[in-house]
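I have placed the structure first, in the form of structure tokens, so that the comments after it can refer back to it.
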Number of protein chains: 2
Amino acid sequence: MTVTSAYHMQAQILRILAHPVRLRILGILARQEACVCHLETLLHRSQPYVSKQLAVLRDAGLVTDRREGTLIFYRAANENLVAWLNMGRALLRDESGLPLPDAPASPPVVEGCPCPRCQR
Amino acid sequence: MTVTSAYHMQAQILRILAHPVRLRILGILARQEACVCHLETLLHRSQPYVSKQLAVLRDAGLVTDRREGTLIFYRAANENLVAWLNMGRALLRDESGLPLPDAPASPPVVEGCPCPRCQR
DNA sequence: TTGACATATGCCGGAATTGGTATATTATTG
DNA sequence: CAATAATATACCAATTCCGGCATATGTCAA
């Protein structure tokens, strides 16, 4: 018997999104598929930490995962949502007038990342 | 020394927004200015409860208030933000396919509301 | 099967959020 | 000034969220 107005559902999703690292992860995964270890190096966070945030996003249906051997690649599940979030950040910049930086778009190959996409 | 990326700021605002009643309040205040007691009757919530949610929104700069005698009228401070939120809910409906209802737009005069706008 | 690697999950203490009740503040009226 | 009405704030217990560390799971290679 869960009451489900649009406001409740929206609040649920917003709670998931209201986290800087999860937002950043979504930003990354919107541009490129990435495995956990790749995100680890990009974010300078521990493996369990990254894995847990990904689990939160996955449980909410915001990212999907795909296994390739022992690696698991994640990607943003909903392009429109990401676009909406980007729009929100743009709004934020406009209104605040501050030069709020997004984390810079990461190159597809990251120094020090052990994943096969980055090692050759 | 507060680290402020766009992600951090966005997460802060999203935390404020990630609450069904606050979302609903913003939805109401986007359409019409309203005093606390008016919101009380619309939302069927206690005065301190409504007042507190309004304080949260006010502290975040999302609503402004205006005193008129002993009444205090609130309104949404940022039209673009509200539009953005509405867009988010629309997205939600499209993606989910569910007929998620917004709370119906409330008539300017509400049965049983003690505020002068509703009493004549 | 054993070991190594990538990832996931469980558990914990601390911090923040939630909603309720009691009380304080501010302005009006008499 | 006192009484009242509208609103705000303080305080509290319950829940949720957070990030860290330990450990479990799953896959591959030897």
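Everything numeric in this text was worked out from a predicted model, so none of it was measured. In the text below, chain A, chain B and the rest are named by the order of the sequence lines, each starting its count at 1.
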First of A:Arg58 and B:Gln53 reached from the 5' end of DNA chain C, by closest nucleotide:
A:Arg58
Is a side-chain donor or acceptor of A:Trp84 paired with a backbone partner of B:Leu85 at a separation under 3.5 angstrom?
no
Give a yes/no on whether any side-chain N or O of B:Tyr74 is located under 4.0 angstrom from OP1 or OP2 of D:dA8.
yes
Counting only N and O atoms by type, is there a donor-acceptor contact under 3.5 Å from the side chain of A:Gln10 to the main-chain atoms of B:Pro20?
no
Looking at A:Arg22 and A:Ile16, would you say the former's side chain and the latter's main chain have a donor-acceptor pair under 3.5 Å?
yes
Among the nucleotides D:dG26, D:dA22, C:dT21, which one has an atom lying closest to any side-chain atom of A:Thr70?
D:dG26
Nearest whole Å is fine: how far is C:dA27 P from B:Glu68 CD?
14 Å
Whole angstrom value for the distance that separates C1' of D:dT9 from CG of B:Leu54
14 Å
Contacts under 3.5 Å, N or O only, protein and nucleotides 14-17 of chain C:
from: C:dT17; atom 1: OP1; to: B:Arg15; atom 2: NH1; distance (Å): 2.7

What is the distance from atom CG of B:Leu92 to atom CG of B:Asn86, rounded to the nearest 0.5 Å?
12.0 Å
Whether the side chain of B:Gln47 and the base of D:dA6 hold a donor-acceptor pair under 3.5 Å is what I'd like checked.
no
Is the side chain of B:Arg15 donor-acceptor paired with the backbone N or O of A:Ala18 at a distance under 3.5 Å, no angle test?
no
Return the value, rounded to whole Å, for the distance between atom CG of A:Leu14 and atom P of C:dT18.
12 Å
Gap between atoms CD and C1', on B:Gln12 and D:dC17 respectively (whole Å):
16 Å
Gap between atom OH of B:Tyr49 and atom CG of B:Leu39 - 0.5 Å precision:
12.0 Å
note: B:Arg67, atom CZ; D:dT7, atom C1'; distance rounded to Å ~ 7 Å
Specify the residue among A:Gly69 and A:Arg45 whose closest nucleotide of DNA chain D lies further upstream toward the 5′ end.
A:Arg45
Rounded to whole Å, please give me the gap between CD1 in A:Ile72 and C1' in D:dT27.
10 Å
Say whether, by atom type as modelled, one donor and one acceptor occur between the side chain of A:Arg93 and the main chain of A:Leu100 under 3.5 angstrom.
yes
Using whole Å, report how far CD of A:Gln119 lies from P of C:dA6.
10 Å
C:dA8 phosphate, OP1 or OP2: any side-chain N/O from A:Ser51 under 4.0 angstrom?
yes
Tell me: CG of A:Leu39 to C1' of C:dA8, nearest whole Å?
15 Å
Regarding B:Cys115, tell me which of base, sugar-phosphate or nothing describes its non-hydrogen contacts under 4.0 Å with the strands shown.
nothing
